[in-house]
Every structure is written in structure tokens, then in C-alpha cells.
Amino acid sequence: METRNHAPRQDRGILFVVSAPSGAGKTSLLNTLLEGDPDLSLSVSYTTRSPRAGEKDGEHYHFVDKAQFEAMVAEDAFVEYARVFDNAYGTAEAALREVLETGRDLLLEIDWQGARQVRARFPDAVSVFIVPPSVVELERRLRGRGQDSDDVIAARMNCARDELSHYGEYDYLIVNDVFEEALSDLRSVVAAERLRQPRQAARRRDALEAMLAGDRD
Ligand code: 5GP
């Protein structure tokens with residue numbers, strides 16, 4: 001098992017961390033990315049918040065009560081956890097390691113607090129921040145169907161600004177103005193990370209060694 005002092009193993013899956021203020025369009029982008037990429041899976045977080053309409057336990061989140069969440073914190077079961085709004089959210093370490101150990105890439109859709117903890121524990125994690133193109137567009141998206149009061153919108157704008165203020169901590173910044181372009185940018189990040197020399201060399205070691213030895217195959 002890897003310890004924190006060892007160099008990251010290059011045959012392990014890549015850990016992608018994606019954050020965004022609400023209104024950036026992160027969920028649609030990530031769903032489309034995941035649908036077209038069988039080598040990438042999404043980590044299912046634990047949360048104390050109640051399921052929204054259409055959300056399934058074990059698929060969108062593992063929905064737990066506060067006592068269950070606290071028990072997992074006490075057992076050190078989370079690689080990261082954070083309080084967002086009035087709820088707690090966390091990523092279980094066992095599930096994360098299981099995916100990465102098999103060489104599959106894993107995507108964590110978490111907030112900036114969680115991203116910070118993941119970076120500290122997995123320095124080779126790749127972090128991506130998604131932003132809306134402008135304040136006008138952000139407000140338009142946060143207004144949704146226009147049924148919320150100005151106070152509610154102002155509170156959402158403040159939360160979005162708080163998340164946005166952390167963009168500088170991420171490796172990549174993607175602007176989601178035109179959906180298809182943002183999706184293509186996101187796919188480019190995933191593709192480029194998979195092509196990094198140490199990872200490619202680990203994957204292609206046999207062929208590289210055979211070529212260097214002059215073997216014909
Ligand atoms: P929602 O309740 O709308 O699904 O998510 C609210 C916020 O919690 C989003 O910013 C989302 O990225 C974040 N979040 C979801 N799961 C986790 C997690 O496991 N850890 C952390 N730190 N944040 C999470």
C-alpha cells in the first residue's frame with residue numbers, strides 16, 4: 001500500500017478533482033465527459049443532506065445521517081470532508097483507493113475545501129476549476145426559472161463568489177461559456193494528463209524496453 005512518503009506509483013489511476021461555483025454548469029459538463037469516457041469514473045460522496053427529487057442513494061450520493069457521518073470521521077474513513085452550506089460532505093478513502101489501484105481514473109466533484117485536503121494527501125492529483133464567463137451570465141444562471149427572491153439570488157451570488165475566490169489554487173481553469181468548447185477543453189485536460197511521460201512510460205514499459213533492446217515484435 002502506498003504511504004504518504006513514497007513517490008506516486010505511475011501505473012495507478014489519475015485522480016481528477018473538479019470544483020466550480022454553482023451556476024458554472026459543472027454537473028452537465030461532467031456528466032457528458034463521463035458518458036463518453038469508460039476509463040473515468042465518478043466518486044460517490046457521502047452527505048448528510050437530504051436527497052433531492054430524482055436522486056438515488058448510492059448513485060448520486062451515499063445519504064447518511066449526522067451520527068453516521070461523524071462515526072466515519074472518527075474512524076478516519078474520509079480522504080477529505082467539508083461542511084458546505086448546512087451539510088457535511090466527504091469522500092471515502094477505501095472506495096477511492098480501490099478504483100485508483102486498478103489503474104482506473106477517478107473524478108471527484110468536490111468544493112475548494114475538499115480540493116485542498118486532497119492536494120495535500122495526493123500531490124499528483126490534477127485539479128480543475130470551472131467558471132462561468134461573466135457576472136451577468138452567472139446571475140442569469142443562478143436566477144434559474146426566476147422564481148426566487150432577490151435575497152435568495154444575492155445569497156447564491158455570495159456563495160458563488162466565495163468558491164470563485166479559490167480559482168488560483170487549481171491546475172486548470174476552464175471557462176464554461178459555450179458548452180461544447182468547455183467540454184472539449186475538459187477532454188483535452190484529461191487526455192494530456194494521460195499522456196504525461198511517466199504515466200505513458202509505465203503503461204508502455206514492455207514495448208519501450210523491447211525497442212531499446214532491439215527486439216523485433
Ligand atoms: P450539492 O448539495 O448541490 O450536491 O453540492 C453542494 C456542494 O458540495 C458542491 O460544491 C459540491 O461540489 C460539494 N461536494 C459534493 N460532494 C462533496 C464531497 O465529497 N466533498 C466536498 N468537500 N465537497 C463536496
Side-chain angles (χ1 to χ4, degrees), residues 16-37 40-66 69 80-91 107-119 126-190:
F16 291 99
V17 177
V18 181
S19 305
S22 100
K26 172 184 65 174
T27 308
S28 321
L29 274 175
L30 295 185
N31 285 344
T32 313
L33 174 74
L34 287 157
E35 274 164 25
D37 191 336
L40 183 64
S41 49
L42 182 67
S43 163
V44 180
S45 298
Y46 285 76
T47 184
T48 59
R49 89 153 160 71
S50 312
R52 296 190 187 120
E55 282 185 337
K56 291 198 187 107
D57 188 36
E59 192 177 311
H60 296 90
Y61 282 104
H62 298 289
F63 295 100
V64 292
D65 61 28
K66 283 188 179 146
F69 196 93
E80 65 77 30
Y81 66 94
R83 189 159 281 283
V84 184
F85 308 117
D86 288 332
N87 300 301
Y89 296 83
T91 304
L107 197 152
L108 307 186
E109 189 182 340
I110 61 178
D111 82 324
W112 68 270
Q113 305 172 79
R116 231 182 224 187
Q117 296 168 48
V118 170
R119 250 180 241 117
V126 178
S127 62
V128 180
F129 198 82
I130 300 171
V131 290
S134 67
V135 70
V136 172
E137 180 59 16
L138 175 64
E139 187 166 341
R140 194 188 68 77
R141 292 181 192 175
L142 290 179
R143 279 191 184 278
R145 280 170 294 169
Q147 289 165 349
D148 296 306
S149 69
D150 283 349
D151 284 355
V152 169
I153 304 297
R156 282 190 199 149
M157 287 292 283
N158 277 335
C159 288
R161 253 183 232 116
D162 186 40
E163 184 80 25
L164 259 172
S165 69
H166 295 279
Y167 72 86
E169 298 167 25
Y170 289 72
D171 299 317
Y172 294 93
L173 190 57
I174 290 181
V175 180
N176 185 14
D177 186 3
V178 178
F179 181 87
E180 288 302 331
E181 285 174 16
L183 181 62
S184 158
D185 288 346
L186 201 49
R187 286 184 172 141
S188 302
V189 167
V190 172

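Residues take their numbers from the sequence shown, with the count starting at 1.
Summarising the geometry of Ile153 relative to Arg143, their closest heavy-atom pair is CD1-CA, 3.6 Å, with the distance given to 0.1 Å. Across every non-hydrogen atom of Thr91 and Ser43, the tightest pair is CG2-OG, 3.6 Å. Minimum heavy-atom separation, Gly114 to Glu80: CA-OE1, 3.1 Å. Annotation for Leu186 and Val128: closest pair CD1-CG1, 4.0 Å, computed over non-hydrogen atoms. Contact between Ser50 and Glu55 at its shortest, heavy atoms only, is O-OE1, 4.4 Å. Contact detail for Asp171 and Ser127: the closest heavy-atom pair is OD2-N, 2.9 Å.
Put simply, the side chain of Arg161 does not reach to within 4.5 Å of the side chain of Leu138, judged on heavy atoms. Two residues are said to be in side-chain contact when any heavy atoms from C-beta on lie closer than 4.5 Å; Glu163 and Ser19 meet this criterion. In this structure the side chain of Thr47 reaches within 4.5 angstrom of the side chain of Phe63, judged on heavy atoms. With contacts defined as side-chain heavy-atom distances shorter than 4.5 Å, the pair Glu109/Leu34 does not qualify. Residues Gln113 and Val84 are in side-chain contact: their nearest non-hydrogen atoms beyond the backbone lie under 4.5 Å apart. Residues Asp37 and Arg187 fail the side-chain proximity criterion, which asks for heavy atoms closer than 4.5 Å. Asp177 is not listed as a side-chain neighbour of Glu137, based on a closest heavy-atom distance of 4.5 Å or more.
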query: Hey, mind stepping through Tyr89 and Tyr61 against ring-ring contact (aromatic ring centres under 6.0 Å, His included) and telling me if it holds?
result: CA-CA 9 Å; Tyr89 296 83; Tyr61 282 104; 5.8 Å; yes
- request: Show the numbers, then the answer: is there a salt bridge (charged side-chain N to carboxylate O under 4.0 Å, His left out) between Arg116 and Asp111?
  value: CA-CA 9 Å; Arg116 231 182 224 187; Asp111 82 324; over 6 Å; no
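Distance CG/Leu42 to CG/Asn31: 7.5 Å, rounded to 0.5 Å. Between atom OG of residue Ser184 and atom CG of residue Leu33 there is a gap of 11.0 Å, rounded to the nearest 0.5 Å. Remark: Leu29 CG to Asn176 CG distance equals 4.5 Å, nearest 0.5 Å. Atom OG1 of Thr48 is separated from atom CG of Asn87 by 4.5 Å, given to the nearest 0.5 angstrom. Annotation: the span from Arg156 atom CZ to Ser22 atom OG amounts to 7.0 Å, rounded to 0.5 Å.
Applying the ring pair (Phe, Tyr, Trp, His ring centres under 6.0 Å) rule to pairs touching residues 160-180 yields Trp112-His166, Phe129-Tyr170, sequence neighbours excluded.
Residue-environment remark: CG (Asn158) exceeds the threshold of 12 foreign heavy atoms within 6.0 Å.
Of the possible polar contacts, one joining the Gln117 side chain to the Tyr81 backbone as a donor-acceptor pair under 3.5 Å is found.
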